[in-house]
Student: 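I'd like to ask you about the structure that follows.
In what follows, residues are counted from 1 in the order of the sequence shown. Each ligand, and each atom within it, is numbered from 1 in the order the structure gives.
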Amino acid sequence: MNLSGQVALVTGGAVRVGRAIALGLASAGAHLVIHYHRSADAAQETVSEARQRGVEAVALPANLANSKEALALARAAEDYFGRVDIIVHSASPFVRASLSETTPEIWCQVLGVLVDGFFILARELTPGMVARGEGGIVVILDRGTFDPWPDFLAHSVGKSALWALVRNLAVELAPHVRVNGIVPGPVLPPPDYPEEDQARIAQGTLLGRWGDPQDVVEAVLFLLRSDYITGEALFVDGGERWAHRRPLGSRQN
Ligand SMILES: NC(=O)c1ccc[n+]([C@@H]2O[C@H](COP(=O)([O-])OP(=O)(O)OC[C@H]3O[C@@H](n4cnc5c(N)ncnc54)[C@H](OP(=O)(O)O)[C@@H]3O)[C@@H](O)[C@H]2O)c1
């Protein structure tokens, strides 16, 4: 896929990793729908930065856990550009809650954003991609997709369900629309994340360090451009998933 001139919708594209993905796509020549939920000002700034890269961009809001808002987002995006060729689903509430702490509201909100909102976007926007004969979808997963993550129950289950959706959509939408996932490791700590925790997490990777949002951007661009990859999950995690296999004496955590 040649990204120049394509229209990409990036969920959670106003801030942090989603913003880096949006601007990476803009630098590659893709026009942008920058979705946001609460970060309205940041979304406008990201729009301005995208336009400075010579593409057209618009910011559109939605609580993706609300099916009406997700549907309205898909329709507004198509109305604005006439089509959407690429979806990157990065939006993801990061709610720490064990089973007893996970209220039905938390459960619905987290799975609503991760799974239901993306399902609605894909259902609305992929018929156009199929009709035009080309489309690309990338979803941002994390280690909770594959391993139980204590205290992040809804998050972990939601990411797992999203990975299931990736594989199902890859099968259903082939050969026109390719659907893939990326599994970042630690690439951007939350604001005010304690330094000792950052160091501990760095040591939990084989490479012994944090990555950078740009590592995820490169993977997104690679998967969108790679015409023979679909239904795949690409780990961009510094070897985090294999760190437990290090010889005991070499482990620092
Ligand atoms: N940071 C890392 O090191 C890391 C590591 C592994 C995987 N990831 C994955 O990379 C992606 C981005 O990570 P991040 O750290 O940049 O995320 P983040 O800072 O926690 O940002 C969360 C994003 O989700 C959006 N969001 C939250 N609730 C929403 C709702 N109800 N409806 C719609 N959007 C909602 C937010 O939009 P608003 O700000 O507009 O409200 C924001 O864009 C996520 O999928 C995350 O799981 C990140």
Side-chain angles (χ1 to χ4, degrees), residues 9-24 32-47 59-74 77 87-96 105-121 137-147 149 152 154-163 165-166 181-193 197-198 200-202 204-205 209-217 219-220 233-238 240-241:
L9 164 61
V10 181
T11 70
V15 295
R16 290 173 47 85
V17 176
R19 173 181 177 279
I21 294 168
L23 293 178
L32 283 178
V33 178
I34 294 165
H35 155 264
Y36 67 95
H37 179 220
R38 297 194 191 282
S39 300
D41 292 345
Q44 287 307 332
E45 284 169 28
T46 309
V47 164
L60 296 174
N63 174 2
L64 289 177
N66 179 315
S67 57
K68 288 192 177 118
E69 292 188 32
L71 189 59
L73 169 66
I87 305 171
V88 180
H89 183 40
S90 179
S92 174
F94 196 49
V95 180
R96 175 186 281 270
E105 290 73 25
I106 290 175
W107 181 264
C108 291
Q109 179 76 5
V110 174
L111 272 84
V113 175
L114 289 174
V115 185
D116 303 12
F118 170 68
F119 156 74
I120 289 168
L121 295 179
I137 298 178
V138 178
V139 309
I140 310 300
L141 304 166
D142 68 10
R143 63 184 296 196
T145 310
F146 300 95
D147 300 321
W149 201 348
F152 288 89
H155 178 89
S156 197
V157 171
K159 291 285 192 183
S160 299
L162 196 48
W163 169 226
L165 203 43
V166 166
I182 292 173
V183 190
V187 293
L188 186 63
D192 303 326
Y193 200 56
D197 289 339
Q198 291 191 42
R200 178 179 48 78
I201 284 174
T205 70
R209 60 181 171 82
W210 281 67
D212 186 273
Q214 195 58 31
D215 296 316
V216 180
V217 174
V220 170
L234 177 58
F235 284 72
V236 183
D237 71 344
E240 185 181 37
R241 81 181 144 147

Student: So does Gly12 get a backbone contact from the side chain of His35, meaning a donor-acceptor N/O pair under 3.5 Å?
Tutor: yes
Student: Grab the two heavy atoms, one from Gly158 and one from Leu111, that are nearest each other, plus how far apart they are.
Tutor: CA-CG, 4.0 Å
Student: So, using side chain to side chain donor-acceptor pair (under 3.5 Å) as the criterion, who are the partners of Gln214 when residues are at least two apart?
Tutor: Glu218
Student: Search all heavy atoms of Ala91 against all heavy atoms of Leu64 and return the closest pair with its distance.
Tutor: CB-CD1, 4.0 Å
Student: Give every pair made of an N or O atom of ligand 1 and a protein N or O atom lying under 3.5 Å apart, one pair per line with both atom names and the distance to 0.1 Å, or write 'none'.
Tutor:
unit_1: ligand 1; atom_1: 1 (N); unit_2: Leu188; atom_2: O; d: 3.0
unit_1: ligand 1; atom_1: 3 (O); unit_2: Val187; atom_2: N; d: 2.9
unit_1: ligand 1; atom_1: 3 (O); unit_2: Leu188; atom_2: N; d: 3.0
unit_1: ligand 1; atom_1: 3 (O); unit_2: Leu188; atom_2: O; d: 3.4
unit_1: ligand 1; atom_1: 15 (O); unit_2: Arg16; atom_2: NH2; d: 2.9
unit_1: ligand 1; atom_1: 16 (O); unit_2: Val17; atom_2: N; d: 3.0
unit_1: ligand 1; atom_1: 19 (O); unit_2: Arg16; atom_2: NE; d: 2.4
unit_1: ligand 1; atom_1: 24 (O); unit_2: Ser92; atom_2: N; d: 3.0
unit_1: ligand 1; atom_1: 31 (N); unit_2: Asn63; atom_2: OD1; d: 2.8
unit_1: ligand 1; atom_1: 31 (N); unit_2: Gln109; atom_2: NE2; d: 3.1
unit_1: ligand 1; atom_1: 32 (N); unit_2: Leu64; atom_2: N; d: 3.0
unit_1: ligand 1; atom_1: 39 (O); unit_2: Ser39; atom_2: OG; d: 2.6
unit_1: ligand 1; atom_1: 40 (O); unit_2: His37; atom_2: N; d: 2.8
unit_1: ligand 1; atom_1: 40 (O); unit_2: Arg38; atom_2: N; d: 3.1
unit_1: ligand 1; atom_1: 40 (O); unit_2: Ser39; atom_2: N; d: 3.0
unit_1: ligand 1; atom_1: 40 (O); unit_2: Ser39; atom_2: OG; d: 3.4
unit_1: ligand 1; atom_1: 41 (O); unit_2: Arg38; atom_2: N; d: 2.8
unit_1: ligand 1; atom_1: 43 (O); unit_2: Gly12; atom_2: O; d: 3.3
unit_1: ligand 1; atom_1: 45 (O); unit_2: Ser90; atom_2: O; d: 2.8
unit_1: ligand 1; atom_1: 45 (O); unit_2: Lys159; atom_2: NZ; d: 2.9
unit_1: ligand 1; atom_1: 47 (O); unit_2: Lys159; atom_2: NZ; d: 3.0

Student: Parallel, tilted or perpendicular: which one describes the rings of Phe152 and Phe94, with boundaries at 30° and 60°?
Tutor: parallel
Student: Looking at Phe235, is Arg241 sitting on its ring face, NZ or CZ under 6.0 Å from the six-membered ring centre and within 45 degrees of the normal?
Tutor: yes
